[in-house]
Every structure is written in structure tokens, then in C-alpha cells.
Amino acid sequence: MSRLRVVLGKGLRALVGLLLLLLGLCGFFALPASYTTYPVVPPKEGEPRWIRGAFHVHTTRSDGRGSPLDVVLAAKAAGLDFVLLTDHNDFTPPAPTWGDGVLLIPGVEISTSAGHLVAFGMERPLEGMTRWMPAADAVRAVEAAGGMTVLAHPVQKKNPWTDEPTAREAKGFELYSADTFFRHAMRNPVSRLLPAVGAYLANPMHGVMLLVAPEPEPGERFMDLSREQPKRSFCAHDAHGLPSYESVFSSLAMYLPPEQLPSPLPKDAKVAAALVTRALRGGSALCSFRALGEPEGFALEGVDLEQREARVGDVLKVRLPGLPDVDTVRVQVWGEGRLGEDGTSVELTGEGLVRVEVWAKGPGRFFGSEWRPWIVPNPVRVLPRTPGI
């Protein structure tokens, strides 16, 4: 018995020592986080305000930690106009409604045989829905209801999308997912998770932003699936309440340009929800990691706003928002495009697809800095050169 007490005592001391070490490391990252400030890019006065909101949010109707009211309060505090609720397998979601100036829009995250599928914008009730139903049946059911399908966290290690035909049928793709970022951090506890947790204790927004560490697989998969017909890209909050709704809502949002949907939204919740969902389905909606700066004033000139099409040989011009510093902002290009020497023009070099994003150099894990996506518009389909040119 005395030997057992000795072993238990040593184990307890080791556990306490480990906890103290972890607390010390958290404090190591919390200290610089307390001095970290956002945004990186200051706003420019006089730009029209864009409608902004959260996409892919869970509540206590499924596995979220907060009620719809909690979500409303967090969205209000973060300055959002709408929240698209997507509780798991909530096949009879409530009607659109206003809550303290925030529009709650019903949607659903469907568990299928091939992975998770976000559906929204249904004009009619979903029929024949069951958990873990065949993926093709789920896609057809959403389309029959007039809704849009989006592949949820399609390449993460847990619950990736595994069915190729339906992957090509779905209209949208979560290009950046907060849930995927978090799971990536879990696989890198020392280099990613611990710094984020420590920073979160002192500065929740900075803690969330430290999780934003893009990997190449989502972008590569997105480009592959979009070659025949470009998909709409989404940044998914996939918010469950931990990290807090407000800190996630303050870090990123989906934005709807005023040319497509002027502010404020109509007072009728059903009308407003229809306008927002139609805009999200359109080509001019974009995502912004708003902690780095608001996107008001951004434009990708030289491309049809809604159809997102241009031709080989065209030159697109990226109009940067705010008051950017040349050392903290850069344009990233993937696919059939080449960045010009001026750093903001993109020459279209071949038929196919081009993806253009704006990245910003944000605060790093200690006192350094890291490049992160800032503004993420939908891709552009590059058509053949006009005959005779």
C-alpha cells in the first residue's frame, strides 16, 4: 500500500508539474498577445458599407454551446447583419427572423454517407431527409427544394467529402474553414494550438487568428472541382461557441457588396433572408478575415461582377481597400493567371480558372508576423480569347 502511495504521489507531482509548465507556456504567448492590435490595414473613410454576416453556425438545436439568442447577441456585438444557422440534420429549421437587428437565416448541415453538406436558401421544405443518407440523394433533395449545396470542410482529416460525382455537383465549397483550422492546430499542439490558446486568454481575436494557417490541399481540391464549372467559395465559421461566437464573428465574415445588396436590409425577415441567400449564391459575394481589415473598397476590375468570367489576354486589376502598406499586403494568384510587376494586375494566360486573393501580414505567434488570407473573392472562369484578337 505504501508503495502504491509513493507511485501515486509521483504521478500527481508529475501531473502538477506538467500543468504548471503548460500554464507557463500559455503565459509566454499571452503576454505579447496583450499588446497585439488589429486591424492591420486601417479603413479608408467614405467607402459604402457592405452587408456582412456569419456562414455555418451551430446552436443548442444541435451541438452548439449557445442558444440562438446567444448567437444574436454575439453577432450584434461583432457588427454583423446576418447569421446563417446550419444545425446538424435540423430538417425543419425555424423561419427567418430578426433578433436585435441581426437577421437569422435557416439552413442545415446534413450528415451524408460521403461527408457533411451545408444547404441553405430552400424555397420549399426538404423531403425524404435522414441522417447518413446517400450523398446523391441529399444533393438532389436540396436542389428539389430550391436550395444551394456547399461541401462542408471537404478535405479535413475528420469527415472529408469522399464521393467524387456529388463533389462535382455541389455548387459551393468551404475553401477556408475555422473547424479545419482548429483540427490542424490539434495535430500540431506545440507549434499551433498552444500559442493560440495562450493568446486567446489575453486577446480572443488574436487567438482565433493564430489558428488561421492555410494548407494547400483545400485550394488544390477547389481548383480541381471548379475547372468544368467554377464553384462558389465560402469561408465557414463552423462556429460552435468555443472559441466564443463573438471572437470568431469578429475575425472573419462573408460580405455582400452594395452593388448587389445595399444596406440596410428590408425589415421583412423573409424578404431580407431571400435577398441575402440569393447574394450568397451569386458571384460577387466574398469572404474577408476582417480582423486584418474591412474589405470595403475592394474590387477585382476587368471581370463581370456576377458571372465571374473574363478572357485569355485580359488584365484584371485588384483595387485594394483601406490604407494598405506595400510591405504588409500582397496579391496571391493561382491557376491561369500571372501577377504583374505592379503587384496588383493579373494577366490571364490560358483557358480555365484563376483564383485571386489578397493576403496581409498579421501578428505572429510571438512578436513576429505571418502572412494570412485577408480578402477571398470567388474565382474567375477564363474563356478563350475573342476570335480575331
Side-chain angles (χ1 to χ4, degrees), residues 53-72 74-75 82-97 99 102-122 124-163 166-167 169-184 186 218 234-245 248-249 252 254 273 276-277 280:
F55 177 85
H56 192 159
V57 177
H58 297 279
T59 73
T60 48
R61 288 179 66 89
S62 60
D63 61 348
R65 297 168 63 92
S67 67
L69 177 58
D70 294 327
V71 169
V72 163
F82 69 88
V83 175
L84 185 63
L85 300 176
T86 55
D87 279 306
H88 294 280
N89 304 305
D90 190 2
F91 301 131
T92 55
T97 185
V102 177
L103 178 65
L104 294 180
I105 303 173
V108 60
E109 183 176 4
I110 307 168
S111 302
T112 81
S113 61
H116 291 184
L117 187 73
V118 169
F120 70 95
M122 279 72 72
R124 297 170 292 280
L126 291 168
E127 296 183 354
M129 306 301 294
T130 60
R131 296 187 182 202
W132 308 115
M133 65 192 299
D137 291 348
V139 171
R140 283 194 292 267
V142 174
E143 292 179 348
M148 180 174 182
T149 52
V150 180
L151 301 179
H153 42 72
V155 298
Q156 71 173 212
K157 302 301 181 184
K158 181 180 180 181
N159 295 320
W161 193 265
T162 58
D163 183 69
T166 50
E169 291 178 23
K171 300 298 188 293
F173 186 104
E174 289 185 353
L175 183 57
Y176 293 118
S177 164
D179 184 67
T180 300
F181 287 148
F182 178 74
R183 294 185 186 281
H184 173 62
M186 291 285 287
F234 290 85
C235 291
H237 294 77
D238 206 350
H240 292 75
L242 186 67
S244 72
Y245 292 113
V248 177
F249 294 166
L252 69 148
M254 291 296 298
V276 169
T277 54
L280 286 172

Next on the checklist: Checking Met122 against Val142 for the side chain to side chain contact (heavy atoms under 4.5 Å, CB included) test, could you report, in this order, the C-alpha distance in whole Å, the side-chain angles of both residues, the deciding distance, and whether it holds?
Outcome noted: CA-CA 7 Å; Met122 279 72 72; Val142 174; 4.2 Å; yes

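Atoms CZ and OG1, from Arg140 and Thr166 in turn, are 10.0 Å apart once rounded to the nearest 0.5 Å. Atom CG of Asp90 sits about 9.0 Å away from atom CG of Leu85, to the nearest 0.5 Å. Note: Gln156 CD to Phe181 CZ = 11.5 Å, rounded to the nearest 0.5 Å. If you take CD1 on Ile105 and OG1 on Thr97, they are separated by 11.5 Å, rounding to the nearest 0.5 Å. Rounding to the nearest 0.5 Å places OG1 of Thr59 at 9.5 Å from CG of Leu104. Atoms CG and CE, from Asp137 and Met129 in turn, are 9.0 Å apart once rounded to the nearest 0.5 Å.
No side-chain heavy atom of Val150 sits under 4.5 Å from any side-chain heavy atom of Leu117. You'll find the side chain of Phe82 reaches within 4.5 Å of the side chain of Leu280, heavy atoms only. A 4.5 Å side-chain heavy-atom check between Pro154 and Pro218 finds every atom pair outside the cut-off. At a threshold of 4.5 Å between non-hydrogen side-chain atoms, the residues Glu174 and Thr180 do not count as touching. At least one side-chain heavy atom of Pro68 sits under 4.5 Å from a side-chain heavy atom of Thr60. The closest side-chain heavy-atom distance from His153 to Lys158 is not below 4.5 Å. Looking at Ile110 and Asn89, their side chains come closer than 4.5 Å, going by heavy atoms from C-beta outward. Counting only heavy atoms from C-beta outward, the side chains of Lys157 and Arg183 never approach each other to under 4.5 Å.
Between Arg61 and Thr92 the shortest heavy-atom distance is NH2-O, 3.6 Å. Contact detail for Tyr245 and Arg65: the closest heavy-atom pair is OH-N, 3.5 Å. Of all non-hydrogen atoms in Ala170 and Thr149, the two that sit nearest each other are CA-OG1, 3.3 Å. Taking each heavy atom of Val102 and Ala75 in turn, the nearest pair found is CG1-CB, 3.9 Å. For Thr112 against Ala138, the heavy-atom pair with the smallest separation is CG2-CB, 3.8 Å. Taking every heavy atom of both residues into account, Ala152 and Glu109 meet most closely at CB-OE2, 3.8 Å.
The aromatic rings of Phe249 and His237 stand perpendicular to each other, their planes meeting at an angle above 60°, with 30° marking the opposite boundary. Note: His116 and His88 have perpendicular aromatic rings, judged against thresholds of 30 and 60 degrees for the angle between ring planes. Ring geometry, Phe120 versus Phe55: the interplanar angle exceeds 60°, so the pair is classed perpendicular (tilted spans 30 to 60°).
Remark: the backbone N or O of Ala135 is paired with a side-chain donor or acceptor of Ser113 at under 3.5 angstrom.
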